[in-house]
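Notes follow the structure.
Protein chains get the first letters and strands the later ones, always in sequence-line order, with residue 1 at the start of each. Atom set for the values below is all heavy atoms of this structure, side chains included, hydrogens, waters and symmetry mates excluded.
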Amino acid sequence: MKRYDLIIVGAGPSGLSAAVEAAKRGMRVIVFDENDKPGGQLFKQIHKFFGSKEHRAKIRGFRIGEDLLKEAAEFGVKVVLNATVIGIYPQKEVTVRIEGVVEHYKGDAIIAASGASENMVTFDGWTLPGVIGAGAAQTMMNIHGVKPGRKILMLGSGNVGLVVSFQLMQCGCEVAALVDAAPRVGGYGVHAAKVARTGVPFYLSHTIVKAEGEDHVTGVTIAEVDDKFQFIPGTEKHFEVDTICLAVGLSPMSQLLKMAGCEMEDNPRRGGQVPVCDEKGRTSVAGIFAAGDVSGIEEASSAMIEGRIAGIAAAEYLGYMDSGESEQAIKEQEEALEGLRQGMFAPQNRGKHIETTDEGIQISESLLKKGYIGDDEIERYPGVRHTVGIHPVMECTQNIPCNPCQDACPKGCISIGQNITSLPIAVEGTECVGCGMCVASCSGQAIFLVDEQIEEGYASVTMPYEFLPLPETGTKGKGLGRDGSPVCDAEVIKVQTAKAFDQTHLLTIKVPEDMAMKARFFTF
Amino acid sequence: MADTAEVIIIGGGIIGCAAAYYLARGGVSVIVLEKSSNIGDGGSSRNGGGVRQSGRDPRELPLALYGVEHMWPMLSEELGVNVEYHKEGNLRLGKTDRHREILQGLTDRAVACGLDVNMIGGEEVREINPYLSGEVICASWCPTDGHANPLAATLGFYMRARSSGARFITGEEVLRIEKVKGKARKVVTAGNVYEGGKIIVACGYESRALARTVGIDVPMRKELIEALVTEAEPQMFPQMLGTADADFYGHQTEHGSFVFGGASGFEDTNEDGGRNMTMSITAPEICRGIMKYIPKLAHTKIVRTWAGYEDVCADGIPVISPVGEVPGLILACAFTGHGFGIAPVVGKLLSELAVEQETFLDLREFRYDRFIPCGA
Amino acid sequence: MCSINDRSRDIGEYIPAPDDDMVICRCEEVTKGEIRRAVHAGLFTITEIRRYLRAGMGLCQGQTCARLVKGIVAAELGSVPAELEPASSRAPMRPIEMEVFGNERIG
């Protein structure tokens, strides 16, 4: 039987990362993935990632995927696509369907990195065509280039719901509303803010009553729910949409591990049925490891680190590293993982309502309930300062592990400091040259360059812009407030596009002076 | 609730559930103890659903005949659950002259027992079932055989027994049976002691270990065999199929899916890791077997495979017997892979044994103490 | 892991609900009402529900509905989903045509 040191199931972020680490140590590694493209969910992620520079912050997900693939190839990892693992049997035998054949392989070690699947919720009409997972929508548009619908209602305000809503608009769909039964936005405030400022209304404490339509979705009714998630009569709202996206969480696809005899647990904090694993990803079956979403739902950055840890642990298990080396290597990864699991969205804070930042500043209630920071709230954050001339305004108001902005500024105008989750502050006594690097580097699209007086009565606002068509200098339109409502007439006075911006265009608009701290988006 | 009943049944498979139903229906108090979390977790939920008379040991045939004539046709109505019983015949297929010889032998023996079985040629086979390959040259045909849904039948008996007052406790593993004043009386689990006037042991291969706790041994072994189910297809044929070569057996369900069983040839040595594990080589071998006979199914998708144990008796037929040496103890085990088709009959017989009624069929052939060397 | 489960314990009456006709398992078209009624008929485990109603036994093998079914069964039993034992996982992990399954390369 064909035998490899290590068989990895899944060529997503964790599987490829594990493959790289194991192959680096001299192991013969084969990776199977059932899809025709590698990278798992990474290749669907067209947005820039959060995190630290060392861990690829501000790089778009699909580019991270491409880099991982290149790295894997360099170390001799064999990645087999369209290869569906259909079973794991005793003696680490793996059967794989490849085209019209079932091949039997054996591995001295196996890493399951098989990811997760989307959860569904039920409501009247939930089985109508047009009700799809948000991840499915993302696959349609970002992998296959197919527009999922024309007018869409998104259910779920976690990062997936927020990010996919934004991407739906980028691909030309209209997002009619973003709805969540929870009373507060679940995802990053910056993701919410970039959706809200385009004019998408947020309905928290609301959920779907009914999807309408005969043989496909033609509309949807939502209604407000009370604190026991029961509908409040009379609060119904109707939208004419052709697509309903559900972004209501993921469940680990851990069936292979269960079949392999690994001890399993039902752990709601990890998203469902997961293998019982130690911190190195070792399951109860010696030589079988798990990494990424299959062992607990997190995001791609943590999945990559977990993959690296599992790859190192597998190398140690098979004697390709001595335990001293592996301990050191794992320690480094664990520190990185620890770094990502900080801040108010850290796993230990899941479900908690955090009212103030680490700095002691009150979190914007408007952000949590409507998706945008109120004009009366914005001044309390340390990234928002007023100085003469052009200067950055950082509308980053929650403690998340992310710091590319402080490295982006060549003039040292922005500081996050030692603690990666701290809010960025505008450093006193520094001089902004208006290069826009900070604007383009902010994965949350939360940094603006503001010149509060470019001429008598007028200010300029430079914003990140990732939509097509790109307006040209001289285009006249409306400035939109943080809530997405038109606040003033605006004219594009500069459009910057640079390789270093990585496809985030910088749009500078001229707005009335009193709109300098209010206008945050542009339509035309 | 008291842990005492007139009858304690160890084993919540179809035999135990059927016995519990007939007892409860007759007003007898019953407690059923099942080791697994699920009712019918052993062979009852893992078999191919055959309700056959052909191919049976002549000693077992009266039970099968009785079931087909008097019980299966009424069972859905009786239980209030569609057990999907279809009495539309069994074709045992042959492709070679050697197969023909095997089938002729089986047919002759069945006819000798008075069963309506006959040999038919390839053309006639395809008149009965046009989906069978041209390579099939003969079959033994028993028109009164059939199949049913083992899951529905097992859970149907369970639900009716439960609603008739039988008490079921799952996740309750019996460790031993204890005697009181010479009679089997106590049933001991990790945390509880149940007491019954009669104790029926109907827990498959595990019956052996339990019977041993009161000094009785049933010579049997266990064998892990496998089966698979396909996606639903439009209705194609209603017969139960088997082959002279034992490549596969199975049928199409009312749901449209096909349930097929078979073997890789390594069953004697396969190990399952304690969790009914399937082997990587078995299901593919079953698929190859099926396609040789029903080429049209080549594109049908398999959605699930599973494995289950047969409690194989030394002489190929079950033990259904009161144990004279241990008054109060009744054994119903070692069904050797033929248990499902006769389960309703056995359940009813057990209900009679448990109340010391004369049974409606003679059970002498199934005595627990029949295992003595031929020369003795 | 099996815990003692008295199947005669009182879980209350089955009370019809307005959403009983909602399809939960799309592959096998099993409704919420069927699942609820089966629980009240004594099927207290996910495995029994699957075996009796085929919920989660179709082409996707419960990938979509497993979580939903668990929630419904747990609610009827007055339990929480995490306490219900999930069904066993069986090969093949994806539906596979007979001719492919039978076409092995072992060597």
Between [X] and [Y], which heavy-atom pair has the shortest distance, and what is it?
| X | Y | answer |
| --- | --- | --- |
| C:Glu97 | B:Ala298 | CB-O, 3.9 Å |
| C:Gly58 | B:Val303 | O-CB, 4.1 Å |
| C:Glu48 | B:Ser37 | OE2-O, 4.0 Å |
| B:Ile302 | C:Met98 | CD1-CE, 3.8 Å |
| B:Thr305 | C:Ala91 | OG1-O, 2.7 Å |

Hey, does [Y] have a side-chain heavy atom less than 4.5 Å from the side chain of [X]?
| X | Y | answer |
| --- | --- | --- |
| C:Asp6 | B:Arg167 | yes |
| C:Ile4 | B:Thr189 | no |
| C:Arg9 | B:Ile169 | no |
| B:Arg304 | C:Met57 | yes |

Checklist entry - Does C:Thr47 use its side chain to pair, donor to acceptor, with the backbone of B:Asn38 at less than 3.5 Å? => result no

Checklist entry - Stepwise, does the side-chain contact (heavy atoms from CB on, under 4.5 Å) test hold for C:Tyr52 with B:Ile39? => result CA-CA 11 Å; C:Tyr52 185 59; B:Ile39 293 295; over 6 Å; no

Item to check | Proximity breakdown for B:Asn149 and chain C, heavy-atom pairs closer than 4.5 Å | outcome: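 Looking at B:Asn149, nothing touches chain C.
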
Item to check | Portion of B:Ala232 that has a non-hydrogen atom of chain C nearer than 4.5 angstrom | outcome: neither

Checklist entry - Is the number of heavy atoms from other residues, nucleotides or ligands within 6.0 Å of CD (B:Gln235) greater than 12? => result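 Yes, CD of B:Gln235 has more than 12 neighbouring heavy atoms, counting only those of other groups under 6.0 Å.
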
Considering only heavy atoms, give the residues of [range] separated from chain C by less than 4.5 Å, sorted numerically, with 'none' for an empty result.
| range | answer |
| --- | --- |
| residues 280-290 of chain B | B:Ser280, B:Ile281, B:Ala283, B:Pro284, B:Cys287, B:Arg288, B:Ile290 |
| residues 13-22 of chain B | none |
| residues 247-263 of chain B | B:His255, B:Ser257, B:Phe260 |
| residues 155-165 of chain B | B:Leu155, B:Tyr158, B:Met159, B:Arg162 |

Choice from [options] maximising heavy atom contacts with chain C below 4.5 Å:
| options | answer |
| --- | --- |
| B:Val32, B:Asp41, B:Thr278 | B:Asp41 |
| B:Glu231, B:His299, B:Glu34 | B:His299 |
| B:Ser45, B:Ala152, B:Ala166 | B:Ser45 |

Could you look at [X] and say if it's the side chain, the backbone, both or neither that has a heavy atom under 4.5 Å from chain B?
| X | value |
| --- | --- |
| C:Gln61 | side chain |
| C:Leu53 | neither |
| C:Met93 | neither |

Next on the checklist: Looking only at heavy atoms and a cut-off of under 4.5 Å, which of C:Ile96, C:Ile106, C:Asn103, C:Val100 has the most pairs with chain B?
Outcome noted: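 Ranked by contacts with chain B, first place is C:Ile96.
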
